[in-house]
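Each remark here refers to the structure printed beneath this line.
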Amino acid sequence: MEKEGKMVTIYVMGKKHRVPAGLTIMKAMEYAGYQLRRGVGCRGGFCGACATLYRVKGSYKLQAALACQKVVEDGMYIVQIPFTPAEKKLYDIEKIRPTPNVFVEHFPEITRCLSCNTCTKACPQDLMVMDYVQAALRGDIEKVVELSFDCIACGLCAIRCPAEIVPYQVAQLARRLYSKYILGLSEEVEKRVAEVEEGKFDEELEQLKRLPPEELRKRYESREIRV
Amino acid sequence: MEEYPGYPEEMWDSLRMVEETRDERIGKTYPRMSEEERERILREWHPDYKEGAKRPLRIGPSKGMMVPHEVADILEAHPLITPDMIDLSEIDYDVDILIIGAGGAGLSAALIASEHIDKEGILLVQKLRLGDSNSKMSQGGIQAALGPDDSPVLHFLDIMGGGHFANNPELVEILVKEAPDVIKWHQSLGVLYDRNPDGSIKLSPGGGTCRRRMLSCKDYTGLEITRVLLDEFLNREIPYLEFTCAVELLTDESGQVVGSVLYDLDSDEYLIARAKSTILATGGYGRLHIQGFETTNHYGATGDGIVLAYHVGAELRDLDATQYHPTGAAWPEQIVGQLCTEKLRGRGAQPVNRLGELFVNPLEPRDVEAAAIIRECYGRELGVTTPTGMRGVWLDTPLIDIINGEGTIEREFAAMYRTFKRFDIDIRKEPILVFPTLHYQNGGVVINARCETTVPGLYAAGEVSGGVHGKNRLMGNSQLELYVFGRRAGRFAAERAKRVNVGKPTLKHVERYERWLREAGIETDRRAPILLPEYRGKKTLEHHIRLL
Ligand SMILES: Cc1cc2nc3c(=O)[nH]c(=O)nc-3n(C[C@H](O)[C@H](O)[C@H](O)COP(=O)(O)OP(=O)(O)OC[C@H]3O[C@@H](n4cnc5c(N)ncnc54)[C@H](O)[C@@H]3O)c2cc1C
Ligand code: FES
């Protein structure tokens, strides 16, 4: 626990500010007077808009974090990287297929992966990024899906990669292909869609819509709960 | 070794009691309340019923509707721009469809519209980055009646009952009937829903549902759906502008909506976008911090949509009812207000008080569950107080692994697990402290089955609209609504765009709004929409004092 009223010094793009200890980088910047327009989204670790690089005084290490999740440290030099100038590879999901070569074809730069693990170290979600890039190289789509599912596409891996790979785009393609072609449509979904189309529920719904409020309430209260 | 490194020592006694009572509680559930009990607890403890928290609107087509002060404040404010500030003679974008907001509703509208008209006729504008929205944050799931013992009819009943029968039944019928098709659409785009070992879709219960009906993508449901829609949106190269807000709609001499004045957040310039159909998909108002509550919502959730719509004379509904999610984080301080998904309760986590006692069924409708937690803290004084004076009750998460097997939490609640771990709390072993948090705008702009508002040319879909959920939304039905009505908005807006002509854009409605304000004797220097919440200066200072 921080002591009452403890303050720390941070440097936002080199400018010095005294801010209360215990704040997240995002709240500390606001405290220091920044009205955020870029570099802020969900404020809850879900959107990846607040990608941030920092270094702590006395250390040479460049570290990566989400500004909305990381608590400020004394002597932190901060810069937000709210945008990644990565190329978006376009594809038609109806035409592309989950072949073993699909990743190398669409993202030939993954063959340049040096296995340096910088991407993994940069990931604020602690994902094994390098491992899934390697899995993509092998064409192991399931592994890519498993390892990348929690990705919020903050872009930090791509910014740090010496081989200019954009891992999160590879992962996005993998997940879509896996769902669409390997798992495929669920039977129960298709069945229910067909039932709705046949009008199976129309009459009952029509009836419910016409019930006087008191009757509807009774139906609601007497419905059987089976969870 | 500290026993509970993520919690201050004064909470340890209570944490021990929760641990000690855990075994006895396994397999037990607190009985559900009767309808009378529910009504009573809502009246006595739900923030919506608190005296003095609301006032009737003094102007506009929904004059007289009771709304929270914070909502009245932005509706009874001067428009952000005055006609003399803007040159309407030069049109920067002349399009068929203007879509405002890029959450689930806006992206769905754009995708479907692009299947009906030339994509070059579409413009999507987004206040923040593409996809940064409440849609991305949804954890728990999306409802669709897929189970063999479930049906759209039961789904309908649950929604009507959950909404206190104030819903528009036409919209509810559409919602439940189109739900399975939305899931099919998602799967065909490549959304990865959780599956059972036999390959069938995994369905969980949710608050107020009579069947297992909740589909999920771990606890990143909204993230998974949104990123797929977004990827598809980018692949189709539909035109868009980021960091650009709608600040005032445009109307022509016939009174129909014909686009919007846009504001570029980077350059502070305005732009004029004229459109044959305009779709509002701006989401909700959590960042208004109704009654001072913390919120689960994203940064851009400032209620802009209801303001824009009201300026042009569109009717609003059910804005008297605000949804407080029963379980927002009450500790650690850095994440106070953030969502602890309802699915935690769906999978067995029990709410317990300071003494480790059960006090409410974990799956009451949201408003009832929230009221019960508030009563436990402030009525029965059986909550836990944090060093900053906030109160909360425990949500006993370790039960999830005990009931469903070790590894369940890490597998199904990766986001929750990760969030708390960052602050030294292991939710597999320790409970979390929760208190209701401002979550959802139940009401909004009135729409019909075609997503038309009461003003021609203006469509609305998603959280900004009202009617689907009545006075209270059940978990999983909002996500569903985005795609059901977002798709409809895209389709019907495209149809309209093919048949109408639009005139010269004007800001006549702004003059009228100013007149309404004057005539009602409203004197204020407030202006709206507010676009971004203000967390600098006084507010951040308050935060400082509260935090340390
Ligand atoms: C933390 C959290 C968890 C949730 N969990 C669930 C769940 O499990 N199940 C469920 O069903 N529902 C859930 N919900 C509710 C649901 O996710 C939202 O209601 C829904 O996503 C709203 O979608 P939308 O497209 O209407 O708005 P949003 O997704 O909020 O998108 C609106 C977009 O419009 C933009 N915008 C706003 N104003 C302007 C303007 N003036 N100009 C331009 N752009 C503008 C915003 O920046 C935003 O990007 C949750 C909500 C939150 C916050
Ligand atoms: S603001 Fe969304 S992850 Fe930080």
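Convention: sequence-line order gives letters A, B, ...; per-chain numbering from 1.
Proximity to chain A (any heavy atom under 4.5 Å) is shown, for B/R236, by neither the backbone nor the side chain. Using a 4.5 Å cut-off between heavy atoms, A/Q69 touches chain B through backbone and side chain atoms alike. Heavy atoms closer than 4.5 Å to chain A are found nowhere in B/E178, neither backbone nor side chain. The contact between A/V145 and chain B is made entirely by side chain atoms (from C-beta outward), counting heavy-atom distances below 4.5 Å. The contact between B/R211 and chain A is made by backbone and side chain atoms together, counting heavy-atom distances below 4.5 Å. Heavy-atom distances place both the backbone and the side chain of B/D158 under 4.5 Å from chain A. Heavy atoms closer than 4.5 Å to chain A are found nowhere in B/R213, neither backbone nor side chain. For a residue to count as touching a neighbouring chain, one of its non-hydrogen atoms must lie under 4.5 Å from one of that chain's; by this rule A/K200 does not touch chain B. In this structure, chain B has a heavy atom under 4.5 Å from the side chain of A/L66, while its backbone stays farther away. Residue contact with chain A, scored on non-hydrogen atoms closer than 4.5 Å, involves the side chain of B/E237 exclusively. Contact annotation for B/R212: both backbone and side-chain heavy atoms come within less than 4.5 Å of a heavy atom of chain A.
In the displayed structure, B/K421 atom NZ is contacted under 6.0 Å by at most 12 heavy atoms of other residues, nucleotides or ligands. Within a 6.0 Å sphere centred on CE of B/M33, heavy atoms belonging to other residues, nucleotides or ligands number more than 12. Residue-environment remark: CD (A/E206) exceeds the threshold of 12 foreign heavy atoms within 6.0 Å. The local environment of CD in A/E109 is crowded, with over 12 non-hydrogen atoms from other residues, nucleotides or ligands closer than 6.0 Å. In A/E195, the CD atom is crowded: over 12 heavy atoms of neighbouring residues, nucleotides or ligands sit closer than 6.0 Å. Heavy atoms from other residues, nucleotides or ligands lying under 6.0 Å from NZ of B/K202 number more than 12.
Of the possible donor and acceptor atoms, none in the side chain of B/R536 sits under 3.5 Å from a partner among the backbone N and O of A/E30. Side-chain N or O atoms of A/R175 include none that pairs as donor or acceptor with a backbone N or O of B/V191 at under 3.5 Å. Using a distance-only test at 3.5 Å, with no hydrogens or angles considered, a donor-acceptor pair links the side chain of A/R176 to the main chain of B/L189. Remark: the backbone N or O of A/L183 is not paired with any side-chain donor or acceptor of B/Q187 at under 3.5 angstrom.
For the atom pair A/E221 CD and B/L157 CG, the distance stands at 11.0 Å (nearest 0.5 Å). Between atom CD of residue A/E190 and atom NZ of residue B/K184 there is a gap of 5.0 Å, rounded to the nearest 0.5 Å. Taking CD of A/Q169 as the start and CG of B/L234 as the end, the distance is 9.0 Å to the nearest 0.5 Å.
Between A/E188 and B/S200, the side chains place no donor N or O within less than 3.5 Å of an acceptor N or O (distance only, hydrogens not considered). In summary, the side chains of B/N235 and A/K88 do present a donor paired with an acceptor at a separation below 3.5 Å, with no hydrogens or angles considered.
The two residues B/Y299 and A/L36 have their closest heavy-atom pair at OH-O, 2.8 Å. Pairing each heavy atom of B/S188 with each of A/L185, the nearest pair is N-CD2, 4.0 Å. Residue B/E333 comes nearest to A/K27 through the heavy atom pair O-NZ, 4.4 Å, listed as atom of the first residue, atom of the second, then distance. Between B/P205 and A/V227, the shortest heavy-atom contact is CB-CB, 3.7 Å. Here the shortest heavy-atom pairing between A/C42 and B/M137 reads O-CE, 3.4 Å.
Top candidate by heavy-atom pairs under 4.5 Å with chain B, chosen from A/L205, A/V71, A/L177, A/L173, is A/L205. Heavy-atom pairs under 4.5 Å with chain A were tallied for B/S133, B/G199, B/G147, B/P148; the largest tally goes to B/G147. In terms of heavy-atom pairs under 4.5 angstrom with chain B, the leader among A/D92, A/I93, A/V40 is A/V40. Chain A forms more heavy-atom pairs under 4.5 Å with one residue of B/D266, B/T419, B/L531 than with any other, namely B/D266. The residue among A/D150, A/D126, A/L90 with the most heavy atom pairs within less than 4.5 Å of chain B is A/D150. Across B/I183, B/L128, B/L265, the residue that shares the most heavy-atom pairs under 4.5 angstrom with chain A is B/L265. Counting heavy-atom pairs closer than 4.5 Å to chain A, the top residue among B/D149, B/L154, B/L339, B/I201 is B/I201. Between chain B and the options A/A153, A/P82, A/C68, A/G41, the largest number of non-hydrogen pairs under 4.5 Å is found for A/G41. No other option in A/F149, A/F201, A/Y178 has as many heavy-atom pairs under 4.5 Å with chain B as A/F149. In terms of heavy-atom pairs under 4.5 angstrom with chain A, the leader among B/Y193, B/F156, B/F243 is B/F243. Chain A forms more heavy-atom pairs under 4.5 Å with one residue of B/Q139, B/K127, B/M160 than with any other, namely B/Q139. Of the listed residues (A/K180, A/Q35, A/E204), the greatest number of heavy-atom pairs within a distance under 4.5 Å of chain B belongs to A/Q35.
Within the 4.5 Å cutoff, no side-chain heavy atoms of B/R422 are placed close to those of A/K70. Counting heavy atoms from C-beta on, the side chains of B/D231 and A/Y91 come closer than 4.5 Å. At least one side-chain heavy atom of B/R195 sits less than 4.5 Å from a side-chain heavy atom of A/S186.
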Next item on the list: Determine, step by step, whether A/R37 and B/E242 satisfy the salt bridge (Lys or Arg N to Asp or Glu O under 4.0 Å) criterion, reporting the C-alpha distance in whole Å, the side-chain angles of both residues, the deciding distance to 0.1 Å, and the verdict.
Entry: CA-CA 11 Å; A/R37 294 186 176 194; B/E242 290 179 300; over 6 Å; no
Note to self: Would A/R43 and B/R287 count as a side-chain contact (heavy atoms from CB on, under 4.5 Å) here? Give the steps.
What the structure shows: CA-CA 11 Å; A/R43 303 175 75 97; B/R287 291 277 155 195; 3.5 Å; yes
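Salt bridge status for A/R192 with B/D181: absent, with no side-chain N to carboxylate O gap under 4.0 Å.
Aromatic pair A/Y220/B/F165: centroids less than 6.0 angstrom apart.
Using a 4.5 Å heavy-atom cut-off against chain A, the contacting residues of residues 219-228 of chain B are B/D219, B/Y220, B/L223, B/E224, B/R227, B/V228.
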